There are 2 protein chains.
Amino acid sequence: MMKKNILTGVKEIARRANVSIGTVDRVIHNRTGVSETTKSNILAIMKELDYQPNILARRLASKKLLKFATLIPSMSKETEFWKAPLKGIEQAESEIKQYGIEIEKYFYDQNDKNSFVTQSKKILETEIDGLLVAPIFIEESLEFAKSCNQLKIPQVFINSDIPNESRLSYIGPDLFQSGYLSARLTNYALPESSKILIINISKGIDAYHHLLEKEEGFRAYFKNNKKNNEIIKIDIKQTDYDSIAIRISETLALNPDIKALFVTNSRVFSVAQYLEKSGIKDILLVGYDFLENSIEYLEKDIIAFLICQKPQEQAYKGIMSLYQKLVLNTEVENTYYMPIDIITKENYKFYRN
Amino acid sequence: MMKKNILTGVKEIARRANVSIGTVDRVIHNRTGVSETTKSNILAIMKELDYQPNILARRLASKKLLKFATLIPSMSKETEFWKAPLKGIEQAESEIKQYGIEIEKYFYDQNDKNSFVTQSKKILETEIDGLLVAPIFIEESLEFAKSCNQLKIPQVFINSDIPNESRLSYIGPDLFQSGYLSARLTNYALPESSKILIINISKGIDAYHHLLEKEEGFRAYFKNNKKNNEIIKIDIKQTDYDSIAIRISETLALNPDIKALFVTNSRVFSVAQYLEKSGIKDILLVGYDFLENSIEYLEKDIIAFLICQKPQEQAYKGIMSLYQKLVLNTEVENTYYMPIDIITKENYKFYRN
DNA sequence: CTGAAAGCGCTTACAG
DNA sequence: CTGAAAGCGCTTACAG
C-alpha cells in the first residue's frame, strides 16, 4: 500500500498561505522576521489543518546537538542502589543518541556534600541543554537549581524531591506514602501488643530527611488506625556490619517484645544478616530496595517485604522527559510518582527494577 | 553545535565499495539483483563500519504502510477489565501512527467461542502485517495461530498464553506464580487452623484454564510450605450478584471456619459486595485486577489485596513489539512476564494499571 | 546486475 | 520581511 499523494505539512501550509515553506518554518518556530499579517494568516491555517510536525523529519533535518548532564551518587559496594539509575540513564542514552543527544555523566559521593558542590560547579562550566539530578542534599541542590534556572536549563529530579517550583519534573517515590504502606504490611502480621523498631542507617546527617519522611509515613499509619503498638527508633551512623549488629542486639536485649523491624533504606540487608547470624526467626523484617543482597534474604524468608520504586525506570523516564521537552516539545508531568511496589519471595523474579 | 561533516551511512558504504547507494540499499534489505562479489564486499564494509540504519530516515523515506489487527474481548460492565488493554492499544497507536502504522481493532465476546472464530476469520480476510490477540479460547486460538503462521503474520499474545512455538511474543502474567503469591499474602495474616475458600467465577467453561492455573499456584504455596489449612473450592457459573451471594452464603454457613477467600479473577468485587452487605468483617479477601469497583472495596478495607498485572501496559507493549519487529527490525523477547503487582489501600493511588 | 534521480517533511544557511 | 536551494539518510521507481 502506498501513501496517498496529498500535500501535507509545511508544503500544504505554504501553498495555502501563498508563501514559501521557509516562512512557514519561521512562524512554526516563532522566529522573528515575519510580518504580522502573514504570521497570523499562517497560524490560522496551521490551526485549521491541525498541523502536527513530523518529528522524524525534524530530527533528520536538524543539525542541532543537545547535551544533557546527569548528576547522581556514584556506585559503590555500599551504594549498589545507584547502579540501577545509571542503567536507566544508559538505556535512555542508547535510544536517543542517534537523534543527536549526548549525555555527560557526573557522580558525587553521597556521604560528602562537598563532592556534590564540586560536581555541580563542573557541570555549570560546560554548556548543557538539560539536567537530571538526584538532589540528596537539600540546600546544595537548591543552590544548584537556582544557577540552572538563571541559565534556563530545565532540570529533572529523581529519587527524592526538593521544594522547587521551577524544576521541569520530579520522578520518584512519594516517600511518606511508602512508609505508610510499609506500616500496613508490618501491622498485618503483627501480634496485638508487640513493639516495633524503626531503624535508620545512614552516615550522612544531610541525606537524612529522606529517611525521616518514610518514618513519618510509617508512624502515621499506626496513628491513623489507632494502633497502640509501641514504636521505638534508633539511628545508626556507623554503617559497617559490626556496628549495626551491636546496636540492634543491644536494642533487642532491652526490648524483648520487639516483633517487627522497619529499616528505612536498602541497608535492610545488613539487618537481615544480623537476624540470620543470631538465629532470630520470629521477627518480621521490612525494608527498601531491590538489591541482590536483600533478595537473598527474601529468598531465605528473613526479609518479609521489600518496598521498591523502580530506580532504573526513574532515571530512564527522567532522561526521556528532557528529550520530550527539548526535542519533541511535548508536555511533561510536573510530578510523576512511581508506583510503590511490594516485593516478596514469591514475586521478585518478575520484578523489573 | 553542529554535526561534523563526515559521510556516514549508505553514502559512506557506497563510497568505500565504489558502488551507488542504490546497490548498498539492495544488500541492506537483502534484495536480489546484486552480484555475489559486490554483495559480500558491501557486507564486509557494513560490518567494519558497524552500520546502524537511521530509522528516522528509513521511515521518512519509506512509503510502506503497515497494518496491525488486534483481537481482544469487548468491554462491558461485566468485563470492564478489557478497557485497559484497549487503552494500551490506543496509546501505542497514537504514538506510531505517524510512522505509517494502522491498527484495525476487532472484539469478541469472552463468553462466546463462536464470536472469537467469526472475528478471527474476518481478520484473515483482510491483509495485515501483524496481530495482537488475547487467546482466551485455547483450541480456537491455536487454529487461528496456525493460519497466521501460514501467512507469515507475526503474532503477539497478551493476558494469557497458549502453547505455541511460533508466536513472536507473549506479554502477560505468569498465572501460576500470581496464585502462589496470593497464597502467601493470604496465609500471612491467617489464623493457624482456619479454612480457605477458593472461588472461581466464570460463565465460560472454555476460558476456565486461565483461572485453574492461578488456583494451582495458590494450592502449591500451601503444599510447599506444609501448611495444613483445609482448602475448599467452589465454581460459580452464574455471574450475577444474587447467584454469587447465595453460593457464598451457603458455603460459609456450612464452613464457619473459613477465614479467607481467594477469588481468581476480577469478580472479587461481587464477593466484596456480599461481605459488605452481610456485615462480615473477619474474613480476609484477596482477588485480582484494578477495577474501579474493587478499588472501592479496597478503600473500605473489605478487600485486603488485589493482584494486578498492568493490562494496559501488556497491550501497549504488545503493539510496540510488533512495531519493533516489523519496523525497527530489532529483537523481541519471546516471553515477557509482567511484574506481579500487589495493590493495597495504601498504594493504589500510585498504581499505573 | 547497477546507477542516477526524485522525494519523504523538515531545517539551514544564503541571497535579496 | 521573504524565497529558493541544498541537505538530513534513507527508499523508490525508472532506465539501462
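Below, read A as the first sequence line, B as the second, and so on, with proteins coming before strands; counting in each chain starts at 1. Predicted model, so just to flag it, every value in this text is computed and none were measured.
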K.L.:
Are the side chain of B/Asn149 and the backbone of B/Lys152 linked by a donor-acceptor contact shorter than 3.5 Å?
P.N.:
no

K.L.:
Report the distance from atom CZ of B/Arg59 to atom P of C/dG7, rounded to the nearest whole Å.
P.N.:
20 Å

K.L.:
In whole angstrom, give the distance that lies between atom CG of B/Asn54 and atom C1' of C/dC10.
P.N.:
14 Å

K.L.:
Which string of ( ) [ ] | and . matches DNA chain C, if you list each base 5' to 3' and count Watson-Crick or G-U pairs only when both distances are under 3.5 Å?
P.N.:
|||.||||||||.|||

K.L.:
Check the distance between C/dC10's C1' and A/Met46's CE and give it to me in whole angstrom.
P.N.:
13 Å

K.L.:
For A/Tyr51 and C/dG9, give me the distance from atom OH to atom C1', rounded to whole Å.
P.N.:
7 Å

K.L.:
Between B/Glu125 and B/Lys122, does any side-chain N to carboxylate O distance fall below 4.0 Å?
P.N.:
no

K.L.:
Base, sugar-phosphate, or nothing for B/Ile21, non-hydrogen atoms under 4.0 angstrom?
P.N.:
base

K.L.:
Are the side chain of A/Glu102 and the backbone N or O of A/Lys97 linked by a donor-acceptor pair below 3.5 Å?
P.N.:
no

K.L.:
Shorter than 3.5 Å, N or O on both sides, protein versus nucleotides 14-16 of chain C: list them out with atom names.
P.N.:
none

K.L.:
Please tell me which of the listed nucleotides, C/dG9, D/dC10, C/dG3, lies nearest to the side chain of A/Ala61?
P.N.:
C/dG9

K.L.:
Is the distance between the ring centroids of B/Tyr170 and B/Tyr336 under 6.0 Å?
P.N.:
no

K.L.:
What's the closest nucleotide to the side chain of B/Leu60 if the choices are D/dC10, D/dG3, D/dG9?
P.N.:
D/dG9

K.L.:
Mind checking salt bridge (Lys or Arg N to Asp or Glu O under 4.0 Å) for A/Lys105 and listing every partner two or more places apart, or none if nothing turns up?
P.N.:
A/Glu93

K.L.:
In chain order, what residues pass the salt bridge (Lys or Arg N to Asp or Glu O under 4.0 Å) check against B/Asp174, with sequence neighbours excluded?
P.N.:
none

K.L.:
Looking at the side chain of A/Val19, which of D/dC10, D/dG3, C/dA4 is the nearest nucleotide?
P.N.:
D/dG3

K.L.:
Closer than 4.0 Å, any side-chain N/O of A/Thr23 to the OP1 or OP2 of D/dT2?
P.N.:
no

K.L.:
In this structure, how many angstroms lie between the C1' atom of D/dT12 and the CG atom of B/Leu65, rounded?
P.N.:
14 Å

K.L.:
Look at the rings of A/Phe116 and A/Phe144 and say which category their plane angle falls in: under 30° parallel, 30 to 60° tilted, over 60° perpendicular.
P.N.:
perpendicular

K.L.:
Would you say B/Lys11 reaches D/dG7's phosphate, i.e. side-chain N/O to OP1/OP2 under 4.0 Å?
P.N.:
no

K.L.:
Going by number, which of residues 29-45 of chain A have a non-hydrogen atom under 4.0 Å from DNA chain D?
P.N.:
A/Gly33, A/Val34, A/Ser35, A/Thr38

K.L.:
Sequence neighbours left out, what passes side-chain hydrogen bond (donor to acceptor under 3.5 Å, both in side chains) with B/Asn353? Give chain and number order.
P.N.:
none

K.L.:
Describe, in one word, how the ring planes of A/Tyr337 and B/Phe350 are oriented to each other, choosing from parallel (under 30°), tilted (30 to 60°) and perpendicular (over 60°).
P.N.:
perpendicular

K.L.:
Within this structure, what is the CZ-to-C1' distance between A/Arg15 and D/dT2, rounded to whole angstrom?
P.N.:
19 Å

